Visitor: 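Quick one: this structure, given as C-alpha cells, is what I'll be asking you about.
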Amino acid sequence: MGMRVGYARVSTVGQKLDVQLDHLADCDRIYQEKASASSTKNRPELKNALDFVREEDVFVVTKLDRLARSVVDLSNIIQLLEEKKVDLVVLDAQSDFTGQCFRY
C-alpha cells in the first residue's frame, strides 16, 4: 500500500493554509506553499510533491483549484500521475479519481 501525499496551496501570503491542512491531516506527507497558480513551474512544492509520489501512492488535494488553474495544467498533472500510477483524490469535490478513471 502506498502513501497518502497531500498538497495545500494558497494564492497570497495573507491567506492561511489551516483549513486545507486540517482536511489533509490523515496524509502521510503534506507539501504546502503560498504561491500563485499561474504555472506549475512557479510552484516548487507542487513539483517536489509530484516528483516524490510513487506507484500506488494517493495524491490528495482539498479542491481542484488548489492543484491547477487551467484545464491544460490539470490535464498535464493528471497525465503525470497516471504515468506514475498514482491515484488522485479531491476531497471537497467528493471526487475520487482512483483506478481507471482517466484511462481513455
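Only heavy atoms go into these numbers, but all of them, side chains included; no hydrogens, no water, no symmetry mates. Since we're looking at a predicted model, the values are computed, not measured.
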Visitor: Report the residue from D73, L88, V60 that forms a side-chain contact (heavy atoms from CB on, under 4.5 Å) with L67.
Guide: L88
Visitor: Can you tell me how far apart NZ (K63) and NE2 (H23) are? Round to the nearest 0.5 Å.
Guide: 8.5 Å
Visitor: Output the distance between atom CG (L21) and atom SG (C27), rounded to the nearest 0.5 Å.
Guide: 10.0 Å
Visitor: Checking the side chain of D57 only, and the main-chain atoms of G2 only, is there a donor and an acceptor separated by less than 3.5 Å?
Guide: no
Visitor: Would you check if V58 and V86 make a side-chain contact, meaning some heavy-atom pair closer than 4.5 Å?
Guide: no
Visitor: Checking R29 against F52: charged group under 6.0 Å from the ring centre and within 45 degrees of the axis?
Guide: yes
Visitor: What's the spacing between E45 CD and R9 CZ if we round to 0.5 Å?
Guide: 13.0 Å
Visitor: Rounded to the nearest 0.5 Å, what separates atom OG in S70 from atom CD1 in I77?
Guide: 8.5 Å
Visitor: How long is the straight-line distance from CG of L80 back to CZ of F59, given to the nearest 0.5 Å?
Guide: 9.5 Å
Visitor: When you check the side-chain N and O atoms of Y7 and E33, is any donor under 3.5 Å from an acceptor?
Guide: yes
Visitor: Rounded to the nearest 0.5 Å, how far apart are CZ of R43 and OH of Y31?
Guide: 15.5 Å
Visitor: To check you understand the geometry: which heavy-atom pair defines the closest contact between R66 and V10, and what is its length?
Guide: NH1-CA, 3.6 Å
